[in-house]
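Worksheet: one structure, shown below.
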Amino acid sequence: MIVMDENGNELIDIIKIGENEIDNYSPVNHALLVVKIDDDYLFGWNHFRKSWEIFGGCIENGEGAKQCIIREANEELGLDNADVTFIGLMKYKKVTDYFNPNPHIEYGGLYGITLQKSKLNSIRNHRKDRAEIEKLSLYSNIADRENISIIAEKLLEYWQ
């Protein structure tokens, strides 16, 4: 196990595979994106979970992990056809939640992107999803570290 969050969800492993091997694992139901800005990282405040998180979401019907994260980067960051890099496949042991009434194993694609600080104004002005992701902040500017998703914080280490 790499890290456990306050709800008991465990990030078990980051599996180093080729992106074309994702379909060998099941269920792959989401994708996340670590956004590096110069020597810092960008986080979004999740309105529903009341925590600072990295970006991403659930894979929709007919999508693969990469299509999902490109769509999410457009919605949450206003990035068109984001040039993301596949980092690896996250393996989780999840507790009972809204989507699944039983503890279970699931997988998610982990991607990274590096942007220049000058891109921040464009991101703030062009992002579409403001209901779930209320606001943005650089990691170094988040004063109350208690409100950062511990799993998201750990994932920063995989995109240097």
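For the numbers below, each heavy atom of this structure counts, side chains included, while hydrogens, waters and symmetry mates do not. Start at 1 with the first residue, then count along the sequence.
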Does [X] have more than 12 heavy atoms from other residues, nucleotides or ligands lying within 6.0 Å of its [atom1]?
{"X": "D39", "atom1": "CG", "answer": "no"}
{"X": "N81", "atom1": "CG", "answer": "no"}
{"X": "N102", "atom1": "CG", "answer": "yes"}
{"X": "Q116", "atom1": "CD", "answer": "no"}
{"X": "K119", "atom1": "NZ", "answer": "no"}

To the nearest 0.5 Å, how far apart are [atom1] in [X] and [atom2] in [Y]?
{"X": "L42", "Y": "I37", "atom1": "CG", "atom2": "CD1", "answer": "5.0 Å"}
{"X": "L11", "Y": "I150", "atom1": "CG", "atom2": "CD1", "answer": "10.5 Å"}
{"X": "I148", "Y": "I54", "atom1": "CD1", "atom2": "CD1", "answer": "12.0 Å"}
{"X": "I59", "Y": "N29", "atom1": "CD1", "atom2": "CG", "answer": "6.5 Å"}
{"X": "N100", "Y": "E106", "atom1": "CG", "atom2": "CD", "answer": "8.0 Å"}
{"X": "K117", "Y": "D40", "atom1": "NZ", "atom2": "CG", "answer": "6.5 Å"}

For the student: nearest non-hydrogen atoms of [X] and [Y], plus distance:
{"X": "A31", "Y": "C68", "value": "CB-SG, 4.1 Å"}
{"X": "F43", "Y": "A152", "value": "CE2-CB, 4.2 Å"}
{"X": "G108", "Y": "V28", "value": "CA-CG1, 4.3 Å"}
{"X": "T96", "Y": "P103", "value": "OG1-CD, 3.8 Å"}
{"X": "Q67", "Y": "E63", "value": "O-OE2, 3.8 Å"}
{"X": "I87", "Y": "G112", "value": "CD1-N, 3.6 Å"}

Point to revise | Verdict with supporting geometry, L136 and R124, side chain to side chain contact (heavy atoms under 4.5 Å, CB included) | key: CA-CA 8 Å; L136 305 174; R124 286 191 172 101; 4.1 Å; yes
Below 4.5 Å, heavy atoms only, C-beta onward: do [X] and [Y] meet side chain to side chain?
{"X": "I2", "Y": "I14", "result": "yes"}
{"X": "K91", "Y": "I105", "result": "yes"}
{"X": "T114", "Y": "V35", "result": "no"}
{"X": "E153", "Y": "W52", "result": "no"}
{"X": "I113", "Y": "T85", "result": "no"}
{"X": "E60", "Y": "R71", "result": "yes"}
{"X": "L138", "Y": "L120", "result": "yes"}
{"X": "Y25", "Y": "I15", "result": "yes"}

Exercise for review: Please assess S137 against I142 for the test side chain to side chain contact (heavy atoms under 4.5 Å, CB included), listing each intermediate value before the final yes or no.
Suggested key: CA-CA 7 Å; S137 181; I142 301 173; 3.6 Å; yes
Exercise for review: Is it possible for you to check whether K36 lies under 6.0 Å from the centre of the six-membered ring of W159, through NZ or CZ, and within 45° of that ring's axis?
Suggested key: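 Negative - K36 is either too far from the ring of W159 or too far off its axis.
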In terms of side-chain heavy atoms, does [X] have a donor or acceptor partner in [Y] at a distance below 3.5 Å?
{"X": "E134", "Y": "H47", "result": "yes"}
{"X": "K128", "Y": "N74", "result": "yes"}
{"X": "S51", "Y": "N46", "result": "no"}
{"X": "Y111", "Y": "E19", "result": "yes"}

Practice item. Assign the ring pair H30 / Y92 to parallel, tilted or perpendicular, where the plane angle (0 to 90°) is split at 30° and 60°. Key: tilted
Side-chain heavy atoms nearer than 4.5 Å, only ILVMFWY residues, links allowed to pass through others: does that put [X] and [Y] together?
{"X": "M4", "Y": "I12", "result": "no"}
{"X": "L89", "Y": "F55", "result": "yes"}
{"X": "M90", "Y": "I70", "result": "no"}
{"X": "V3", "Y": "V34", "result": "yes"}
{"X": "I151", "Y": "Y139", "result": "yes"}

Practice item. Would you check if the side chain of N7 reaches a backbone N or O of N9 as a donor-acceptor pair within less than 3.5 Å? Key: no
Point to revise | V84/L79 under side chain to side chain contact (heavy atoms under 4.5 Å, CB included): CA gap, chis, key distance, verdict | key: CA-CA 11 Å; V84 298; L79 301 175; over 6 Å; no
Practice item. Run the numbers on E76 and R127 for side chain to side chain contact (heavy atoms under 4.5 Å, CB included), then give the verdict. Key: CA-CA 5 Å; E76 296 180 355; R127 63 192 194 93; 5.9 Å; no
